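Only one structure is covered here, and it is reproduced in the block below.
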Amino acid sequence: MLLLVALGFIQLLPVIGKDSNENASKKDDTDKGILTSNPFLDATHFWPLEVLRSGIFSMDFVTGHSAIVLQGGELVKDEKFQEVISTEKKGSYIIAGDFKETCFSNPDSCIMGGMTISFWLKLNDTNINKTQDAYIISSGGQSKKSRGFAFLYFHGRYVACLSTRRAQWKMYVPKIEPNIWNNIVFVWKKGETLSYYLNGSFVEETYSKPAYRPSVNYTILTIGRPNNAINVEFMYPLRMCALALWDRPLKKDQIEKAYDNIKKFHEQPDLKKKRRSKIIKEFASKRRLNKIRRHVIHL
């Protein structure tokens with residue numbers, strides 16, 4: 001994914017489709033203490049969503065590429081997280097990139113056993129009506145013409161779905177407490193279950209039903225709107241931060257650890273300021289290592 005502003009227009013380039021293949025060579029040692037200082041270092045993608053460059057770009061700390069905040073989306077001050085990205089202005093949303101030929105837009109291609117989607121979310125349910133279909137995050141799972149995952153508000157209920165070529169996992173999520181921050185995590189185990197975690201704790205899981213999605217037509221990852229429509233009535237005004245994707249299913253203790261990591265920072269904002277430069281250096285080192293690894297692979 002690379003977002004560029006050039007010659008007066010915005011060009012959206014795809015996330016490299018080899019992410020899953022490269023990550024397949026990594027051993028999953030996060031539960032053995034190797035990456036204990038930062039549970040997000042081994043994520044496939046991680047957007048803190050707390051800084052905007054040039055007013056519209058928010059960097060993926062893992063790849064160095066940027067999500068783009070559009071149509072009035074902005075950085076706002078928040079009592080818990082200091083500053084976060086908001087799509088509360090009517091018509092605003094975020095595009096995290098084009099994930100064509102990756103695990104996240106086509107779960108059939110997940111070669112490490114599944115995926116994990118984690119984010120911190122603050123919703124004001126007075127911004128929508130009970131008959132509305134309003135999308136929180138989408139990589140295509142809602143469409144019969146595509147695959148991927150989606151989380152949305154559907155006629156008064158929250159729904160998570162994940163679609164592959166021949167199956168769909170669909171779950172009605174219990175009401176999310178409005179006007180407070182919640183950590184939402186979905187873990188998909190390929191061929192098995194879709195699980196839901198709230199604030200570090202397991203809530204429920206569901207199994208698949210037969211479905212048929214022969215094509216993958218919609219592959220961008222969107223926040224605050226579906227990835228196949230830009231109609232305002234399908235947008236959910238929200239605040240979000242700490243969006244992370246893993247191209248494998250995380251274990252329960254890893255989910256708890258990631259939750260505690262972010263929770264600690266918003267409970268102790270001074271600690272976040274002290275460690276910010278260290279965190280940035282950790283991710284910068286990982287990006288350099290990934291570049292070296294890709295170069296070696298292509299030799």
Side-chain angles (χ1 to χ4, degrees), residues 1 12 14-21 23-24 44-45 93-119 131-174 184-197 202-231 233-236 243 245-250:
M1 167 193 65
L12 182 64
V15 175
I16 297 173
K18 295 181 180 179
D19 279 354
S20 294
N21 293 329
N23 286 334
T44 313
H45 300 277
Y93 57 90
I94 302 167
I95 295 180
D98 189 347
F99 287 76
K100 185 178 181 179
E101 297 180 358
T102 71
C103 174
F104 306 108
S105 67
N106 182 11
D108 292 288
S109 69
C110 294
I111 61 175
M112 294 182 68
M115 73 171 78
T116 302
I117 306 107
S118 173
F119 48 88
T131 62
Q132 192 172 352
D133 300 348
Y135 285 72
I136 293 168
I137 187 168
S138 167
S139 73
Q142 77 284 351
S143 172
K144 292 181 179 180
K145 296 180 179 180
S146 204
R147 305 171 200 167
F149 65 88
F151 182 45
L152 62 145
Y153 180 86
F154 180 76
H155 291 247
R157 304 174 73 182
Y158 290 97
V159 183
C161 64
L162 187 143
S163 300
T164 64
R165 181 180 178 85
R166 298 191 178 279
Q168 184 179 69
W169 288 254
K170 188 175 181 180
M171 174 191 298
Y172 288 96
V173 172
I184 309 294
V185 179
F186 295 104
V187 179
W188 177 64
K189 293 182 179 179
K190 194 171 186 177
E192 299 181 30
T193 58
L194 176 66
S195 301
Y196 169 54
Y197 291 76
F202 173 80
V203 178
E204 62 179 303
E205 65 183 13
T206 190
Y207 292 86
S208 66
K209 292 185 178 181
Y212 186 50
R213 304 285 189 273
S215 58
V216 184
N217 292 337
Y218 310 112
T219 57
I220 62 171
L221 176 61
T222 54
I223 299 162
R225 53 155 272 208
N227 76 336
N228 61 339
I230 57 172
N231 308 60
E233 62 263 33
F234 297 138
M235 297 182 183
Y236 200 130
L243 169 61
L245 307 178
W246 286 264
D247 57 3
R248 69 183 192 281
L250 290 191

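Side chains included, hydrogens not; waters and symmetry mates left out as well; all remaining heavy atoms used. In this text the structure is predicted, and so the values were computed from the model without any measurement.
Every pair tested for salt bridge (charged side-chain N to carboxylate O under 4.0 Å, His left out) that includes a residue from residues 217-226 fails, sequence neighbours excluded, so the list is empty. Screening residues 202-217 for salt bridge (charged side-chain N to carboxylate O under 4.0 Å, His left out), with sequence neighbours left out, gives no hits.
Under a cut-off of 6.0 angstrom, the local environment of CZ in Phe202 is crowded, with over 12 non-hydrogen atoms contributed by other residues, nucleotides or ligands.
A 4.5 Å side-chain heavy-atom check between Leu221 and Phe104 finds every atom pair outside the cut-off. Residues Ile117 and Leu245 meet the side-chain proximity criterion, which asks for heavy atoms closer than 4.5 Å. Counting only heavy atoms from C-beta outward, the side chains of Ile184 and Val173 never approach each other to under 4.5 Å. Looking at heavy atoms from C-beta onward, Phe119 lies in side-chain contact with Ile137 at the 4.5 angstrom threshold. Two residues are said to be in side-chain contact when any heavy atoms from C-beta on lie closer than 4.5 Å; Met115 and Thr44 fail this criterion.
Not counting sequence neighbours, the partners of Arg147 by the salt bridge (Lys or Arg N to Asp or Glu O under 4.0 Å) test are Asp108. With sequence neighbours excluded, no residue forms a side-chain hydrogen bond (donor to acceptor under 3.5 Å, both in side chains) with Trp169. Residues that satisfy the side-chain hydrogen bond (donor to acceptor under 3.5 Å, both in side chains) test with Ser118, not counting sequence neighbours, are Asn183. With sequence neighbours left out, the ring-ring contact (aromatic ring centres under 6.0 Å, His included) criterion links Tyr212 to no other residue. Under the rule for a ring-ring contact (aromatic ring centres under 6.0 Å, His included), the partners of Phe186 that lie at least two apart in sequence or sit in another chain are Phe151, Tyr196. In this view, Gln132 and Ile128, Asn129, Ala134 satisfy the side-chain contact (heavy atoms from CB on, under 4.5 Å) rule, not counting sequence neighbours. With sequence neighbours excluded, the residues that form a side-chain hydrogen bond (donor to acceptor under 3.5 Å, both in side chains) with Thr219 are Asp98. By the side-chain contact (heavy atoms from CB on, under 4.5 Å) test, Thr116 pairs with Val185, Val187, Trp246, Leu250, sequence neighbours left out. Residues meeting the side-chain contact (heavy atoms from CB on, under 4.5 Å) test with Lys190, sequence neighbours left out: Trp188.
Between the side chain of Ser105 and the backbone N or O of Gly148 there is no donor-acceptor pair closer than 3.5 Å. Asn227 places a side-chain N or O within 3.5 Å of a backbone atom of Ser139 that can act as its donor or acceptor partner. A distance-only check finds a donor-acceptor pair linking the side chain of Ser215 to the backbone of Lys145 [under 3.5 Å].
To the nearest 0.5 Å, atoms CZ (Arg248) and SG (Cys110) are separated by 12.0 Å. Taken to the nearest 0.5 Å, the OG1 atom of Thr206 stands 10.0 Å off from the CD atom of Gln168. Considering CD1 of Ile220 and CZ of Phe99, their distance stands at 10.5 Å, rounded to 0.5 Å. The structure places CG of Asn217 at 10.0 Å from NZ of Lys100, a figure rounded to the nearest 0.5 Å.
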Only pairs under 3.5 Å count here: list side-chain donor-acceptor contacts from residues 153-162, not counting sequence neighbours, and write none if there are none.
{"unit_1": "His155", "atom_1": "NE2", "unit_2": "Asp133", "atom_2": "OD1", "d": "3.1"}
{"unit_1": "Tyr158", "atom_1": "OH", "unit_2": "Tyr236", "atom_2": "OH", "d": "2.9"}

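Taking every heavy atom of both residues into account, Gln142 and Pro226 meet most closely at NE2-CB, 4.1 Å. Pairing each heavy atom of Ser163 with each of Ser146, the nearest pair is CB-O, 4.4 Å.
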